[in-house]
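Each remark here refers to the structure printed beneath this line.
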Amino acid sequence: MTQPYDPAAIEPPVRQRWNDEDAFRAPDRPGEKPYYCLSMFPYPSGHLHMGHMRNYTISDVITRFHRMNGRPVLQPMGWDAFGLPAENAAIARGVPPAKWTRDNIRHMRGQLKELGFAIDWSRELATCDPEYYRWNQWLFLKMLEKGIAYKKTGTVNWDPVDQTVLANEQVIDGKGWRTGAEVEKREIPMYYLRITDYADELLEALDGLDGWPERVRTMQANWIGKSEGMEISFPVADGELTVFTTRPDTLMGATYMAVAPEHPLARKAAEGNPEVAEFIRSCGTGGVSEAELAAQEKRGIDTGLTARHPLTGEDLPIWIANYVLMSYGSGAVMAVPGHDERDFAFANKYGLPIVQVVRLVDGQHEYDDSNWQDWYVAKENVELVNSGPYDGLDHQAGFDAIADALEEKGRGRRRTQFRLRDWGISRQRYWGCPIPIIHCDDCGDVPVPEQDLPVRLPEHLVPDGSGSPLAKDEEFLSCECPECGAPARRETDTMDTFVDSSWYFLRYPCVDNEESMVDRRTRDWMPVDQYIGGIEHAILHLLYARFWTRVMRDFGLLGTSEPFERLLTQGMVLAETWYREDDQGRKVWFNPAGVDVERDGKGNIVRAVAAEDGQPVHFGGIEKMAKSKNNGVDPATLVGQYGADTVRLFSMFAAPPEQSLEWSDAGVEGAWRFLKRLWQQVHEHLEADVPDGDPGGERSDEALEARRRVHETIAKVTDDVGRRYTFNTAIAAIMECSNHLSRFRPRSAGDFAVAREGWEALVRLIAPVTPHASQALWQKLGHEDSILEAGWPAVDEAALVQQQVTVVVQVNGKVRGRIEVPPGSDREVVQQRAMQDENVQRFIDGKSVRKVIVVPDKLVNIVVAA
RNA sequence: GCCGGGGUGGCGGAACUGGUAGACGCGCCGGACUCAAAAUCCGGUUCUGGAAACAGAGUGCGGGUUCGAUUCCCGCCCCCGGCACCA
């Protein structure tokens, strides 16, 4: 009797074997670059969630594929260990963030190990370790020295009750998350990194990132937002108001000026004008996030001040408008309501004049106010109107003529503007990397000397939600000024956690180096060959990492500019949501695991009840797995139930990696059934009687067909896993092949050898996804070596040759028949055979054939008159 | 609001370069095994009509290009991700 598939018995010994063999260690051989397969490291939130599980399975499949193809591979793992959730946990439970974080890491490391990932654990790192973050501090000081880091003020969310700075996430509908108090905007000094110095390079290098998804490159390009335009100065009472515009050609259509509420002119207007002051104050509440600002209703107020049009000399009113961002350009715009959507909306609301200065000249349509939307931002096939001497010029000529005129008058200059802003890295938080600065009354801001690094973060503090505990910790605060020796105080701000994650991949190769940030190994092993992580990181993290890598390159620490050769952005993991409303009408969410659902024949939900009380619950849609909807499925539970291979198999099979994945318990069941069947089928083959004779001898037609399918599958899986990363279709092909192979009954020694070849191929093809089962089956098939060393199956081209191919016959594009022909048949022959087909005849009989299209070995389309 | 992506059977998805829409899996229906159930195995399963052969319709909606469109173009609807202090 065959041993049934029992992952609880199979998986642990297999993992033990890999462990004993130290099978996942990346070899360090000078000059040799291992394939560097990197996953975005997890935030240690407490438990591994499905998103992690999916992410790391994808990289493990790629890692194991390359290992089986004979390449040394580095697949490391670490912890993005600083951040806000640790402080929230501390506030909620009174546990120091350090302890909470390290406990979580311990637990999650165990969970990762149970999944059998081929990770080189000897290189593990955590960003909260002083041995790691000391290099954040070291590089920050180098940047400060070179002027790449600098200090200026920035706007933050201020909770007036807790007297603390809030993250955007902590601002809900303009109110503090804990206090409910109306959030205020506040200006505070912060450190910034000059990422804008690299804007052009970061933009241009995107073209070379062939291994990145097009959409990520587009998003980054739009984020950097390079635009060619002009800086124009409008004279005002005692000076000038400078604006940036990409459309100087519309200058004659400017009817008012708009400045941000934080603009100096706005402040000036507020002096002695309580109404204006009140308006500015009202703009000072609510959060600072751009999404929030942009979604606000457009509001404004006339300052009573005017600016003189640099060409016409006309006086234009200056308005304060909440839709003008102080952080872009100069914080002021010339408003051309005729040709800008936002200006148009604003002008309409406040009754400001709207002048058309551009019109379409394509002669196709008449344009007027009724189809405003069609022409107001057009740049092609346009001419200037109502623009005096510039009438009749097209967009470019108008741009040039007006730019020249302004430059001549000294009222403007051509300039490139980026949307990208410098990266503010100061955070008024405890659980982060301390910024290594000392404040001295006499010497000012003094960098901590290199030999005093790292500035260690005290780990015993417990934040309470009101301000940083560092600012209250005398032991941390008090120090001596490195320059004059007088008593001084430490900077209490910590660094943005994006700093930690901007270079962690440079540290894995040299994690043991206590002397320097990176070394020869980093230079040898970079760039990362394949990076895998969530699409939500498409802009910020990836842009910061590209910037940081370039800074290190310019310091002579690295030879590469681009850190990530190829990028794969995985989709989210979704699950059903179920709820019931309580007395106050609030939704109470039930975990899908605790809901029993009854469906009709069409799959519609008939009845759903909570298992705990048998009372009905309502379907809330399919949503991203999240605590708030209580729809998370714990990978650990499933691994306990089905084993790691089944969970890995389902998550790779249910959807291609880039798409979102809908969790389904029934689908997991299906993956489990497939593995049981494969296990059974290989055992049946092993237990069958081996026919006598020469294994290299004659093969039946069935055997040749089976062999053709096996080699087609090898070709498809190799392409799907190695090039396309469509693991779902690779698995489907393996399932299809195993279904066929299990029906094949070898009757000769030659046939039996074909079956053996097939099963050995399938066990290896599925090995990157289900390594435990494959390792066990590989051993049963008589091999001593590790599945990682078993080699990837090779395609025998000779096995792929087919005697007949099916050609589809269409009449006027509709399929009317199929014919079998030898591959490579003549067009004429195929066409004639197609026209003789009985069903085809019915549709072409008595009609004149206008045209026949023949796609060799695939399709014939006969076009007949109607 | 701005930038990016997506929408295909009852469900997850496949169709890679414009060439058979629905591979593979789930679910469901029928059958075998069983005293019975579970598990397993076999068959069917886009919709409409038809016993079947076959015919008609069909890839969010409305148009277009083409011998041929899930795929390309134009307009719209809905959903999701990001928006600089969540990570």
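The sequence lines fix the lettering, A, B, ..., with proteins before strands; numbering per chain opens at 1. For the numbers below, each heavy atom of this structure counts, side chains included, while hydrogens, waters and symmetry mates do not.
Using cut-offs of 30° and 60° on the angle between ring planes, the pair A:Phe505 and A:Tyr531 is tilted. Relative ring orientation between A:Phe82 and A:Tyr133 is described as tilted, the plane-to-plane angle lying within the 30° to 60° band. Between A:His49 and A:His52, the two ring planes are parallel [angle under 30°; tilted spans 30° to 60°].
Atom CZ of A:Arg816 and atom P of B:U20 are 16 Å apart (whole Å). Distance CG (A:Asn839) to C1' (B:A52): 14 Å, rounded to an integer number of Å. The interatomic distance linking A:Trp672 (CH2) with B:C24 (C1') rounds to 20 Å, in whole Å. A straight line from CG of A:Asn861 to P of B:A69 spans 10 Å, rounded to a whole angstrom. When the P atom of B:C28 is taken as reference, atom CD of A:Glu669 falls 12 Å away, rounded to whole Å. Taking atom NZ on A:Lys676 and atom P on B:G25, their separation rounds to 15 Å, with Å as the unit. For A:Phe650 and B:C11, the CZ to C1' distance is 11 Å, given to the nearest whole Å. Between the C1' atom of B:G81 and the CZ atom of A:Arg215 lies a distance of 8 Å, rounded to the nearest Å.
Summarising the base pairing, B:C33 is matched to no nucleotide, lacking a Watson-Crick or G-U wobble pair whose two defining distances lie under 3.5 Å. Shown here, B:G62 forms a base pair with B:C74; the pair counts as Watson-Crick or G-U wobble because both key distances fall under 3.5 Å. Shown here, B:A69 forms no base pair; nothing in the strands shown gives a Watson-Crick or G-U wobble contact with both key distances under 3.5 Å. In this structure B:C86 sits in no base pair that meets the Watson-Crick or G-U test at under 3.5 Å. B:G22: no Watson-Crick or G-U partner with both key distances under 3.5 Å is found in any strand. Judged by Watson-Crick or G-U wobble contacts below 3.5 Å, the nucleotide B:G27 has B:U45 as its partner.
Counting any heavy atom pair closer than 4.0 Å across all strands shown, A:Leu420 reaches a base atom. Residue contacts shown for A:Gln170 are absent, as no nucleic acid heavy atom lies under 4.0 Å away. Contacts of A:Lys624 with the nucleic acid, taken as non-hydrogen atoms under 4.0 Å apart, are absent. Using a 4.0 Å heavy-atom distance criterion, A:Met572 is classed as a sugar-phosphate-only contact. Using a 4.0 Å heavy-atom cutoff across all strands shown, A:Ala538 reaches no nucleic acid atom at all. Among the atoms of the strands shown, base atoms are found under 4.0 Å from some heavy atom of A:Lys716. Base engagement by A:Trp223 is indicated by at least one non-hydrogen atom pair under 4.0 Å involving a base atom. A:Phe653 comes within 4.0 angstrom of a nucleotide base, judged by non-hydrogen atoms across all strands. Note on A:Val156: a base of the nucleic acid sits closer than 4.0 angstrom, heavy atoms only. Contacts of A:Thr729 with the nucleic acid, taken as non-hydrogen atoms under 4.0 Å apart, involve only primed sugar atoms and P, OP1 or OP2. Within 4.0 Å of A:Phe674, counting heavy atoms only, lies no atom of the nucleic acid at all. Within 4.0 Å (heavy atoms only), A:Glu736 reaches sugar-phosphate atoms of the nucleic acid but no base atom. The residue A:Val852 sits apart from the nucleic acid: no heavy atom pair falls under 4.0 Å. Using a 4.0 Å heavy-atom distance criterion, A:Val808 is classed as a base contact.
Taking 3.5 Å as the limit, the base of B:U20 and the side chain of A:Arg818 contain a donor-acceptor pair of atoms between them. Judged by distance alone, with hydrogens and angles left aside, A:Asn222 brings no side-chain donor or acceptor close enough to the base of B:C3 to form a pair under 3.5 Å. For A:Arg723 and B:C16, a side-chain-to-base donor-acceptor distance below 3.5 Å is present, hydrogens and geometry of angles not being considered.
Looking at A:Glu712 and A:Arg709, no side-chain N of the basic residue comes within less than 4.0 Å of a carboxylate O on the acidic one, giving no salt bridge. Salt bridge present: A:Glu297 and A:Lys349 bring a charged side-chain N and a carboxylate O closer than 4.0 Å. Classification of A:Arg427 and A:Asp493 as a salt-bridged pair fails, no side-chain N sitting under 4.0 Å from a carboxylate O. Ion pair A:Arg215/A:Glu658 flagged as a salt bridge, since at least one NZ, NE, NH1 or NH2 atom sits closer than 4.0 Å to an Asp/Glu carboxylate oxygen.
For A:Arg743, a side-chain nitrogen or oxygen approaches OP1 or OP2 of B:C42 to under 4.0 Å. Not one side-chain nitrogen or oxygen of A:Arg850 sits closer than 4.0 Å to the OP1 or OP2 atom of B:G68. Look at A:Arg673 and you'll find a side-chain N or O under 4.0 angstrom from OP1 or OP2 of B:G27.
Of the residues near RNA chain B, A:Phe843 and A:Ala733, the one whose nearest nucleotide (by heavy atom distance) lies more toward the 5' end is A:Ala733. Heavy-atom distances to RNA chain B give each of A:Ile731 and A:Gln659 a nearest nucleotide, and the one nearer the 5′ end belongs to A:Gln659.
Taking 90° from 0 as the syn/anti boundary, the base of B:G9 is oriented syn.
When distances are taken from the side chain of A:Thr218 to each of B:G4, B:G19, B:A84, the shortest belongs to B:G4. Side-chain proximity of A:Asn739 to B:C86, B:C24, B:A55: nearest is B:C24. With B:A21, B:A87, B:G56 as the choices, the nucleotide that has an atom nearest any side-chain atom of A:Glu536 turns out to be B:A87. The listed nucleotides are B:C26, B:C2, B:C83; the one nearest the side chain of A:Ala666 is B:C26. With B:C24, B:A84, B:A87 as the candidates, the nucleotide lying closest to the side chain of A:Asn168 is B:A84. Of the candidates B:A84, B:G4, B:A14, B:A14 carries the atom nearest the A:Pro656 side chain, counting heavy atoms from C-beta on. Nearest nucleotide to the A:Arg677 side chain, out of B:A14, B:G1, B:C41: B:C41. Distance from the side chain of A:Val815 is smallest to B:A21 among B:G1, B:A84, B:A21. When distances run from any side-chain atom of A:Ala291 to the nucleotides B:A87, B:C83, B:C11, the shortest one goes to B:C83.
Within the 3.5 Å criterion, the main-chain N or O of A:Met835 finds a donor-acceptor partner in the side chain of A:Gln841.
In this structure, the ring of A:Phe650 has its center no less than 6.0 angstrom from the ring center of A:Trp672.
Of the P atoms belonging to B:C26 and B:U71, the separation is 30 Å, rounded to the nearest Å.
Rounding to the nearest 0.5 Å places CH2 of A:Trp548 at 14.5 Å from OH of A:Tyr504.
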